[in-house]
Every structure is written in C-alpha cells, then in structure tokens.
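Worksheet: the structure to be examined is printed underneath.
Order of the sequence lines sets the chain letters (A, B, ...), proteins ahead of strands, with each chain counted from 1. Side chains are part of it too, since the values below use all heavy atoms of this structure and drop only hydrogens, waters and symmetry mates.
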Amino acid sequence: MLEVRDLKKTFRSSGEVQQVLRGVSLSLERGATMALTGESGSGKSTLLHLVAGLDRPDSGTIVIGDTDVTAEDDRGRAALRRGKVGVVFQQFNLIPSLTVAANIAFQARLAGREDAPWSARLTDRLGLAEHARKYPEQLSGGQQQRVAIGRTLAAKPALVLADEPTGNLDEETGERVLDLMLDLVAETGAALLMVTHSSRLAQRMERQLHLERGAIRA
Amino acid sequence: MRRAALVALLSHWRRRPFQLLTLLLGLATATALWSGVQAINAEARASYDRAAGALGATPRPSLARADGTPMDEALFAALRRAGWLVTPLVEGRVETAGGSLRILGVDPFTLPGGDLPEGAAGDALDPAFLGLPGRLIVSPETAARIGGPELPPLIEVEGVAPGIAYADIPAAQALLGLDGQLSRFVLLDGQPGNRPPLDEVAPGLSLQQPQTGADMARLTDSFHLNLTAFGLLSFAVGLFIVRGTIGLAFEQRRPMFRTLRALGLPAATLLWLLLAELLVFALIAGAAGIALGYLVASALIPDVAATLRGLYGASVEGTLSIRPVWWLTGLGIAVLGTALAALSSLWQVARLPLLAPAQPRAWARASEAGLVWQGLAALGLAALSGLTIWLGSGLIAAFVMLGALLIAAALALPLVLYGALWIGARLAKRPLAQWFWADTRQQLPGLSLALMALLLALAANIGVGTMVSSFRLPFTGWLDQRLASELYVTADNPEQAERLTGWLAPRVQAILPIMNTDARIAGLPGEIYGVADDPTYRDNWPLIDRLPDVWDRVAAGDGVLINEQLARRTDTWSGGTIALPGWPGAPVVGVYSDYGNPLGQVLMGLDALRDRFPEVEALRFGLRLPRGEVAGLTRALTQDFGLSAENIVDQAALKAFSIQVFERTFTVSRALNVLTLAVAGFAILTSLLTLSAMRLPQLAPVWALGVTRRGLARLELVRALVLAGLTMLCALPVGLLLAWVLLAVINVAAFGWKLPLFLFPSDWVVLGALSLAAAGLAALWPALSIARIPPARLLQVFAHER
C-alpha cells in the first residue's frame with residue numbers, strides 16, 4: 001500500500017541547513033496500522049507531510065498504491081490527497097463556516113464520491129448525530145477531532161495519515177477518540193500511519209517505528 | 001470537487017452576511033459615484049454631438065460672412081441661379097421663460113430630408129410648418145422646458161437635439177428679428193464643376209468648415225475633467241472599503257484555504273474559484289452600483305445642465321438616457337476595481353505555504369511589516385508629484401500630480417499615525433493609558449485603510465472648500481467692479497433705443513451703451529465688446545496687466561483690452577497684438593480678470609467697434625445714477641416711458657444671478673464631496689465592526705484584570721475619536737496643498753484664470769467636528785456591542801487557549 005524508500009529532506013532557515021530526514025524507508029500493507037514515534041524535531045511530522053504530498057522530498061521515493069507521489073506535480077499530489085489519502089490533523093482544521101454534517105461529508109464531496117448513508121453512519125458512530133447542525137466553534141475539542149476523523153473516513157481513503165490526532169485532547173478523551181478511529185479504520189480496511197508522542201498510544205498500533213534525528217532507529 | 005469547494009468558500013459569507021453586505025455596498029457605492037459621473041459626462045457629450053449635428057449626421061461646409069453677420073436673402077437666389085447648390089439657414093438664440101433656445105430656420109424644399117432628424121422631415125413639409133406663424137419642431141424634453149406666448153406652436157419630435165428648434169425661414173426670421181436676412185448657406189452634395197467662383201457671385205462670403213461637437217467639447221472639457229476627477233476620487237475611496245473587506249475576508253479564510261489545499265484542492269482551482277466568487281460579487285454590486293449611479297446622476301444632472309447652460313451656453317437636457325455602453329463600462333469598472341482591490345490578496349493565496357501554521361492576525365502583522373515599503377512608496381509618489389508640477393504642464397499633468405499627491409498622503413498616513421501613537425504610549429503614565437495606546441497601535445493595520453479613505457475625503461473637502469471660498473471672495477469683488485452701473489436697460493429696436501437715450505439723458509448721470517458681437521478669436525468662439533470712455537470703466541475695471549494710458553488708448557481706438565483667459569490661451573499680454581475679424585494686428589494694451597467666462601473676450605472703444613462692425617446695434621445700456629434713485633427710475637421707465645419690465649435689470653438682481661450661476665457651478669463638486677465623506681464614514685464603521693469580532697482575545701484579558709465592559713466600550717469610542725482627530729490634522733496640510741494646486745495650477749489650465757489662496761479656519765473646525773461626529777457614530781455600534789457582550793463569550797477566549 002505504502003512504500004517509502006531512502007527519503008531525505010533538509011530545511012534551510014537563516015542560512016542554516018538542517019537535515020530533518022536522512023534516508024528513511026518503510027512500508028505499510030493495506031489494513032495495517034503503524035505508529036511513528038520520536039522526540040520533537042525528530043522528523044516524524046515532516047515524514048507524514050511528505051507522504052501526504054503536502055511537501056516534496058529532496059530525494060527518495062514514496063509510492064502509494066501504484067502512484068509515485070514524488071513524481072507527481074502539485075495537481076497530481078492534490079488529486080492523490082483527494083482520492084487515496086486522508087489526513088487527520090492535530091489542529092482539526094475544520095471549515096468553521098460549515099456545519100458538522102457538511103464538514104464530515106466535505107472530503108467525500110471534494111473527491112466526488114459522496115456516500116450519504118455511510119456519512120450518516122459515521123456521524124452516528126462518532127456520537128455526533130445530535131450535533132450535526134452545529135458549527136465547529138460550538139463543539140468541544142474532542143468533538144471537533146471526531147468531526148475531523150469522520151471527514152477523513154467519509155471519503156474511504158486507502159491510507160489514513162494521522163498527525164498527533166489526540167495531541168490537543170485530554171487523556172481520557174484522547175483514548176476514546178483513538179478507539180473510535182481504530183474501529184472505523186478497521187471497518188474501512190484502510191492502512192493507518194499515526195504520528196504520536198505517546199508510547200502508550202503507539203502500543204495500540206500493530207507496528208511501531210521510532211525516528212531519531214531523521215533516521216529510523218533499529 | 002469544484003462545487004464542494006465553492007460551497008465551502010461561500011459558506012464564509014453565509015455565516016457573515018454583514019461582511020458580505022459591506023463588500024457589496026462598498027463596491028456598489030464606488031461604482032455608483034463613478035458611473036454616475038460618467039453618465040452625466042456621456043449625456044452632456046451626446047447633447048453636444050446632437051447639437052453640432054443638428055443639420056444631419058454628416059456636417060456640411062457652409063458659406064457665410066467671415067465676421068458672422070447676417071446677409072441679404074437675395075444672395076440665395078443669386079447663388080442658385082449661378083449653379084451653386086446651397087440651402088439657406090437662419091440661426092440665432094431666443095430667450096424663453098424656460099431658458100435659451102437655439103432657432104434653426106431651414107428651407108424644407110432645398111434641404112435634403114436626411115439632414116433633418118428622423119421623424120422631423122415629414123413635419124417640415126406640413127403646410128402648418130411653412131410661412132407665418134409657422135411651427136417649431138423640438139424634442140419633447142425641450143418642449144417641456146420652454147414655452148411662452150411669443151413662440152409659435154410646437155411640434156414634438158423624438159431625436160431632435162436638446163435646446164434646438166427647427167422653423168421655416170420666415171418664422172425663424174420673425175423670431176430672431178432678421179427680416180429678409182440669412183445667417184449662412186449650407187453647401188449640398190454634387191456641386192457642378194462649372195459653377196462660377198464664389199467671389200464673382202457673392203463677394204464677401206467665404207467657405208467655412210462645419211462646426212463639430214468637438215468645439216463645445218473643448219470648451220467644456222475642463223468641467224467634465226473636473227467631474228471625472230471627483231468621480232475617480234470617490235471610486236478610490238469606495239475601493240478602500242472593498243480592499244479592506246476583501247483583505248479581511250481572505251485573512252479570515254486563510255486557514256480554510258490551507259485546509260482545502262490539504263484535503264486535495266489544487267492551488268489553481270482554488271484561485272479560479274476565488275476569482276469566480278469575486279466576479280459574481282463584482283457583477284452583482286456593479287449592477288446595483290449602476291442603478292444607484294443612475295439615481296445620483298438623475299439627481300445631479302439638472303444642476304450640471306444649468307451650470308453648462310449658464311457658464312458655457314451649452315444645451316444639455318436635464319434628463320438622463322440609459323445607454324448600453326454606460327452599463328457595460330459601469331460593470332467593467334466594478335470588475336476592474338474588484339480585481340485591483342483583490343490583487344494582493346489573490347497573490348498571497350497563490351503563494352500560500354501549505355504547511356505554515358495558521359497565524360491569527362498575520363494580515364495585520366504583514367501590514368506592519370509593509371509600513372516601511374509603504375513609506376518608501378509615499379516618498380516616491382510625493383517626488384513624482386513634485387516633479388510633475390515642476391516639469392509638466394496642462395490639465396492631465398496637473399491631475400497626475402494631484403493623484404500622486406493624494407495617494408502619497410494616504411500611504412504616509414499609517415506611518416504618521418504610528419509615530420503619533422508611539423509618542424502617546426511614551427507619554428502615558430497609567431497602566432490603562434499605556435495599554436490603550438499600545439492596543440490602538442495594534443489596531444492600526446486593520447483600521448488604516450478606512451482612515452486612509454477618511455483622509456482622502458477630508459483632504460478633498462478642505463481642498464475644494466478652500467478653492468470655492470477663495471474663488472467666492474475675489475469673484476464678488478470682481479462682480480462689484482464689473483457691474484458698476486446701477487441699472488441695465490434693453491431697447492426692443494434701434495428706434496426705441498434712440499427715444500430711450502433721449503428720455504434718460506436728463507434723468508441719469510451717465511448712459512453707457514453696451515455693444516457686442518460674437519466672433520472667432522484665436523480659433524475659438526469669443527466675444528467683442530465696445531465700451532464708452534467713462535470713469536465707470538476707468539475707475540472700476542479689474543485690470544491685471546496694463547500699459548500706461550490704457551483707457552486713453554482704448555478710447556482713441558489705438559488698442560484693445562483682452563480677458564485673462566484669452567491672454568493665457570494665446571500668451572498675449574500688454575504690448576502684444578491679437579488678430580480680430582477686421583483688425584488683424586490689434587494692439588493689446590491691457591488684460592482684465594473675467595471670472596466665470598470660458599470664452600475669450602475683447603474690449604475696444606465704441607467707435608472702433610462701430611467702424612468694424614457697423615451692423616451691431618446699441619440696444620443695451622448701463623445707467624449710472626445714485627443708488628437711492630434706482631427704484632424711482634425703474635418705475636418711471638415702465639409707467640412713464642412704457643419700457644417692458646423684462647427689459648430692465650437691476651444691478652443687484654444681475655449680481656444675484658451671477659452668484660447663483662457661480663454657486664451652481666460647484667453644486668456637483670460639493671455633492672460629490674459630501675458623498676465621499678459619507679463613504680469614508682461607512683468605511684470606518686465597517687472596519688470597526690469587522691475588527692470588533694476579532695477583538696475579543698485582546699479585550700478579554702483586560703476585562704479579566706478588572707476593567708468593566710462599559711469602560712472598554714468607552715475606550716473604543718475614544719480610540720475612534722483619537723484616530724479620526726489625528727487623521728483630520730493630517731488631512732489639513734494635504735487639503736491646503738490640494739487647494740493650492742486647484743487654484744494655481746488646475747484653474748489656470750482648465751479655465752484660464754488664477755486666484756489667490758485664502759484660508760478659512762472656521763470651515764476646518766466645522767469639518768473637524770463633522771469627522772469626529774462621523775467617527776463617533778461609526779464607533780458607537782461596535783462600542784455598544786462590547787458594552788453588552790455576555791461574560792460567557794469573553795470567557796470562551798480563555799477556554800480556547802491551549
């Protein structure tokens with residue numbers, strides 16, 4: 001499903017060159033789950049952004065299904081994000097002017113494959129049915145993150161990328177949100193790559209990879 | 001994909017209808033003021049063209065006397081017998097109860113049918129039209145305006161030029177007092193090649209090229225340019241609102257743009273969708289603006305028409321036609337304005353980094369960072385303005401200079417305010433005062449566009465107000481000099497004039513004949529006056545340049561006086577010469593100021609005028625007598641002598657009329673000024689309202705520290721007043737500079753006369769109070785919202801902090 005080979009990325013800031021990824025390789029099968037852990041600045045979010053096609057690597061390849069992400073231009077990478085990949089952000093990144101229901105259906109609509117019964121079921125499973133007509137600002141943090149998860153899964157992506165999805169939530173809420181996400185990901189058969197600080201949450205994934213200074217620790 | 005993204009983009013406006021209303025209103029107002037002015041200009045120009053093309057769409061050359069005096073109608077038969085294909089024409093003006101009317105006497109049998117307006121050709125062959133009293137063919141608008149028992153019955157025909165009446169030759173001759181005389185012969189197509197030369201058939205006649213609409217357009221160009229400049233200024237002020245609203249909306253939606261991109265919307269698609277959204281808004285607001293502009297133009301056009309009639313003798317109907325070109329250009333300017341206002345925001349979206357964290361108030365911070373560039377741009381524009389006035393000349397250069405000056409001032413305003421607020425913060429001792437100054441400085445980027453609009457509106461008000469008041473002072477003084485005679489009388493015919501002067505001689509101190517004729521001077525329509533040698537002129541005439549013994553020379557017929565506009569246009573001053581009909585090298589012995597007259601004017605001695613223009617009759621007279629005897633003489637003139645009351649004009653009435661014409665000239669400028677100020681006030685209101693929604697994170701901590709909501713609301717009001725007051729102070733020098741440019745540069749280029757600058761501090765105090773009131777009113781609503789905000793909403797600010 002996902003093949004990452006020898007990925008390298010550097011950032012330049014104020015004339016200083018910082019090598020964030022130093023030849024990272026990994027693979028993930030369809031339906032599998034993997035946690036990416038590491039200290040702040042270890043490059044785990046950068047790796048996730050590169051896989052999502054939000055940024056371009058200096059070298060290396062990323063293949064999702066049969067698509068070489070690194071060979072795609074901006075339009076191609078955008079199409080990939082619409083079609084095959086779903087991203088759950090730490091900051092939720094909901095559209096504040098759309099209702100909960102519209103936010104959940106949004107990515108599926110964007111991808112042109114809206115499945116209304118599935119969206120409704122997701123809304124129900126996420127415990128958001130009674131909030132469907134509310135706007136994001138009227139929800140708690142945990143509820144907003146559940147909307148973000150719903151939005152990602154409504155489009156039935158083959159690969160779900162989650163960047164600290166519970167990082168903005170308290171422990172108990174975070175646990176509940178993660179349970180839901182794992183259940184639903186399993187239900188859709190998607191692969192899940194999750195970045196997290198928490199080794200406890202990482203243990204809930206089938207595989208764990210630890211990044212240290214831009215490289216996978218053996 | 002596009003539909004879902006568009007729904008998301010538009011949902012922002014659904015949640016913020018007031019913001020959408022602001023955007024649409026700002027754009028509609030800008031378009032309205034611009035297209036209203038354009039409608040007025042287009043209507044006036046169309047009237048000039050229709051008037052110039054009164055005899056057919058293709059103007060024809062004609063035969064006439066060089067000095068424009070009428071000729072015997074026997075010449076017509078002589079020309080036709082000799083083989084010249086001509087049609088006679090009698091033309092002139094008559095005054096009616098509803099204003100001046102241009103009479104065109106035509107011969108329907110020799111004038112090609114196509115040379116009359118469509119629909120009039122049939123009526124011209126109607127037996128009732130022919131002979132006496134005949135009929136007048138006029139447009140329905142003109143028919144509604146004019147009237148009076150002295151006119152023949154009217155036939156209304158659509159498409160006839162405004163202010164023009166067609167009549168049969170005898171009817172026109174009777175109306176104009178030109179019995180047996182013709183004004184000119186219009187040359188028809190297909191002239192035979194073997195016809196005898198003109199000199200043999202009709203010596204004294206010469207071939208004259210047709211008048212075009214351009215002649216009147218040239219005269220009135222300055223007036224229309226003036227209007228256009230004000231329209232542009234109003235449009236620019238409106239665009240400040242649009243720019244502010246679009247900038248804010250884009251800033252508020254920046255996280256949404258980033259999310260859309262992250263969810264797979266290509267950058268190009270996002271840009272196209274935003275462009276489409278703006279295009280729809282521009283078209284909606286543009287259409288509303290054009291409709292509003294139509295109302296503005298309809299309200300202003302009677303004054304404009306009166307001004308053009310009074311000042312230039314141009315016939316413009318006081319009604320407005322809807323022209324497709326006007327609609328299209330109005331929509332075009334709305335779209336162009338939106339594109340201009342949105343350009344930088346769209347550029348930012350195009351370069352939006354996908355992964356940079358969403359920064360609240362990044363827009364404001366970017367504005368602060370851009371202050372240096374803004375200052376440099378202001379300096380550059382100020383330099384351009386200085387260079388233009390130094391090196392450039394003409395009206396266009398003057399307006400370029402003015403535009404550069406105003407934009408430079410607007411760009412420099414945030415910097416000046418920033419400095420003033422910094423000083424305020426340094427001087428503040430109490431913590432709340434320190435917070436107030438610091439917080440005001442933080443609000444500045446969000447308010448600066450509205451304050452720039454206010455600066456432009458205030459500067460325009462000060463500039464135009466100073467110009468009009470500076471104009472009024474010397475104008476009334478000049479009127480006192482020019483209208484020195486206490487009473488003006490007009491005789492109906494030369495016989496009555498002779499009896500009148502005999503009757504008046506023992507009753508008044510002096511009788512001053514007023515004789516004048518129209519003539520082309522320096523290639524443009526002008527007028528020549530004959531004046532008696534009298535102390536009235538020697539003591540009062542407002543000469544600005546003169547040779548010694550100027551009046552002796554004029555009286556002896558050794559030289560002429562010319563008005564300032566003719567002197568400037570031809571660069572001829574005392575000591576030079578000027579070519580006049582019948583006097584090719586007339587020595588110029590003096591120049592006089594002649595405010596309000598766009599025409600070149602020449603003054604010569606009465607004998608000199610009679611020698612060169614023997615056909616000009618002395619029918620008008622200025623009478624000198626003690627002021628207290630005016631009423632008695634007026635009564636005696638009507639009761640004892642039998643002169644019609646309409647033929648007697650009191651000096652006071654004439655002055656009142658002149659001042660009325662003067663005031664009307666600036667009515668439109670003043671109306672546009674008030675509208676511009678209103679638009680600027682609206683800009684402040686919308687900025688404060690939109691900012692108030694983003695203010696909670698700044699206000700909540702101060703509230704939590706013990707400042708009441710009412711106290712915060714009061715500070716909001718004070719902030720608006722402080723910023724408006726500072727802006728007014730900045731607008732003062734800009735406005736005075738604007739007034740100087742208008743008086744010393746634009747006035748000279750446009751009208752041909754220069755005026756001194758007078759200062760009117762009391763007007764500034766009134767304007768300052770008005771601007772404070774506008775800012776206070778604009779701040780009232782946002783302040784009330786703060787005073788009434790539920791504590792729970794303020795607490796949410798802390799709940800959202802992580």
Checklist entry - So does Glu3(A) have more than 12 non-hydrogen atoms from other groups sitting under 6.0 Å from CD? => result yes
Checklist outcome for this item: On a heavy-atom basis, the closest approach of Met256(B) and Ser97(A) is CE-OG, 3.3 Å
Item to check | Between CD on residue Gln107(A) and CG on residue Leu265(B), distance to nearest 0.5 Å | outcome: 11.0 Å
Checklist entry - Between Arg151(A) and chain B, which part of the residue has a heavy atom less than 4.5 Å away: side chain, backbone, both or neither? => result side chain
Checklist entry - For Glu187(A), does the CD atom sit with more than 12 other heavy atoms under 6.0 Å from it, leaving out its own atoms? => result yes
Checklist entry - Does some side-chain heavy atom of Arg253(B) sit less than 4.5 Å from a side-chain heavy atom of Pro96(A)? => result no
Next on the checklist: Do Ile95(A) and Leu260(B) make a side-chain contact, defined as non-hydrogen atoms from C-beta onward lying under 4.5 Å apart?
Outcome noted: yes
Checklist entry - Below 4.5 Å, heavy atoms only, C-beta onward: do Leu98(A) and Arg15(B) meet side chain to side chain? => result no
Checklist entry - Do you know the tightest heavy-atom contact between Arg75(A) and Pro266(B)? => result NH1-CG, 4.1 Å
Checklist entry - Nearest 0.5 Å, what's the CZ-CG distance between Arg3(B) and Leu110(A)? => result 12.5 Å
Item to check | Minimal non-hydrogen separation, Phe106(A) against Ala4(B), with atom names | outcome: CE1-O, 3.2 Å
